[in-house]
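Note that the coordinates shown come from a computational prediction; the quantities given were computed from them, not determined experimentally.
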Amino acid sequence: MDDSATRLLQRLVRRMPRESLKTSLGKWSRLTTGQQQSLDFTRPKWVLTENLLDLCNENGLAVKHITELEMIHVIDNPSQGMWHALQLLDPADDALSVELTQFKERFKVHLTELIRHVSIKIKKHTDEAVWIRIAWGDSFSRPNHLKPTYVVHHLQTPYVFVTNLPSKQKSLLSQALVLATRYSAINDVNLSGRKLTAIRDLLMRQYQQVFPTKYPSPLAELQNSNREQAELAENRFQMACEAFGDGTLPQLQTAVYKLETKYKDITNNIMTERERPFRCVVKFASTNLLESLRHCASSGIASTPVTPLLSSITQKGRNYFVITDNGLGPSSQHPSQRTDTGSWSIEDTLAPPSWQNADSQQPSPVTAEAGSHIL
């Protein structure tokens with residue numbers, strides 16, 4: 001193997017847990033059963049790497065084969081990076097009839113016309129999702145397989161999910177996707193997270209939604225309690241489920257609110273009299289944010305009905321918002337693109353290119369962080 005393939009394989013083995021590596025090698029089908037059985041996964045990683053390199057050299061494998069192993073691992077373990085959701089807009093008449101073969105041919109042709117050195121590998125997963133691995137180069141350098149971009153697209157839907165996309169390549173990927181899918185434009189929907197399944201389920205409404213109706217009380221211990229208290233608890237649970245859904249919810253981990261509102265405090269005239277809006281960022285974080293918010297509302301920790309600031313996460317399918325006073329900012333010129341809620345509005349705006357979230361192993365309550373000001 002050449003240096004590029006060797007470095008990629010070394011990096012993969014170093015980053016993959018032993019059990020995950022063993023499972024991925026079994027699905028890879030590039031090693032014989034005897035070769036797989038000859039690998040001792042109890043040995044140190046550097047020894048395992050050398051043995052695996054020897055087997056790959058013996059089989060004459062190249063970098064294209066090593067990228068197959070990487071794709072198997074990423075598809076089985078997608079929650080390892082920050083995923084961003086995009087939405088295709090204005091479909092052509094034949095957009096919903098595009099098949100996998102057509103999509104693969106069009107995407108590769110259009111992207112290679114836009115950039116000279118690029119490596120593209122496309123694989124269809126069992127859940128009908130099309131996975132695309134892109135290693136970017138430029139006019140003077142070969143594709144960098146150590147920093148690939150991954151794209152997931154469900155055919156016959158307008159949704160695309162992207163991770164590890166360099167900013168200078170965004171326009172190229174957007175053009176190739178639009179042309180290959182027979183749409184007219186693509187837009188960031190302001191939804192991101194480390195769990196691909198969570199943002200997919202939230203955006204595609206693949207969770208149990210609750211609509212305004214009479215909901216049976218879930219609190220059996222209230223049967224012998226005061227009737228009024230039982231009805232209050234039932235109403236809280238109903239409104240919490242209407243806002244965030246019922247049953248198992250998508251494991252969204254963060255929600256970010258960028259405030260551009262006028263400061264209001266009768267005890268602080270200096271700040272209140274400022275004409276410029278007061279700017280800060282509020283971030284809610286939890287291992288399962290929607291579950292935490294639903295519990296807060298149903299248990300009475302948070303007031304009900306749920307404020308549109310929080311219910312907009314599920315209703316709009318996003319977790320990044322800009323909040324302005326009515327009449328402030330560009331949203332006042334486009335009232336059809338905002339949701340008015342009293343004295344403020346939630347703007348539809350592009351999300352920042354990258355948000356860093358820390359991984360958490362244990363369940364945690366919802367927390368709010370802010371630079372200067374909390375709602």
Could you walk me through whether Phe103 and His153 pass ring pair (Phe, Tyr, Trp, His ring centres under 6.0 Å), step by step?
CA-CA 10 Å; Phe103 174 80; His153 174 52; 5.7 Å; yes
Under a plain distance cut-off of 3.5 Å, with no hydrogens placed, do Ser141 and Asp138 share a side-chain donor-acceptor pair?
yes
So does Leu86 get a backbone contact from the side chain of Asp188, meaning a donor-acceptor N/O pair under 3.5 Å?
no
Going by an N to O cut-off under 4.0 Å, is there a salt bridge joining Glu128 and Lys124?
yes
Could you tell me the separation between the CG atom of Leu52 and the CD atom of Gln10, rounded to the nearest 0.5 Å?
10.5 Å
Look at Asp76 together with Lys27 and state whether they make a salt bridge at an N to O cut-off of under 4.0 Å.
yes
Side chain of Arg18, backbone of Phe41: donor and acceptor closer than 3.5 Å?
yes
Charged N to carboxylate O under 4.0 angstrom, Lys22 versus Glu19?
no
Between Met1 and the options Leu53, Leu8, Asn59, the side chain to side chain contact (heavy atoms under 4.5 Å, CB included) test singles out Leu53
Got a second to check how far His145's NE2 is from Ile66's CD1, nearest 0.5 Å?
11.0 Å
Take Glu260 and Lys258 through the test salt bridge (charged side-chain N to carboxylate O under 4.0 Å, His left out) and record every step on the way to the result.
CA-CA 7 Å; Glu260 296 182 355; Lys258 182 179 179 182; 3.6 Å; yes
Does Trp136 use its side chain to pair, donor to acceptor, with the backbone of Lys147 at less than 3.5 Å?
no
So does Pro17 get a backbone contact from the side chain of Ser20, meaning a donor-acceptor N/O pair under 3.5 Å?
no
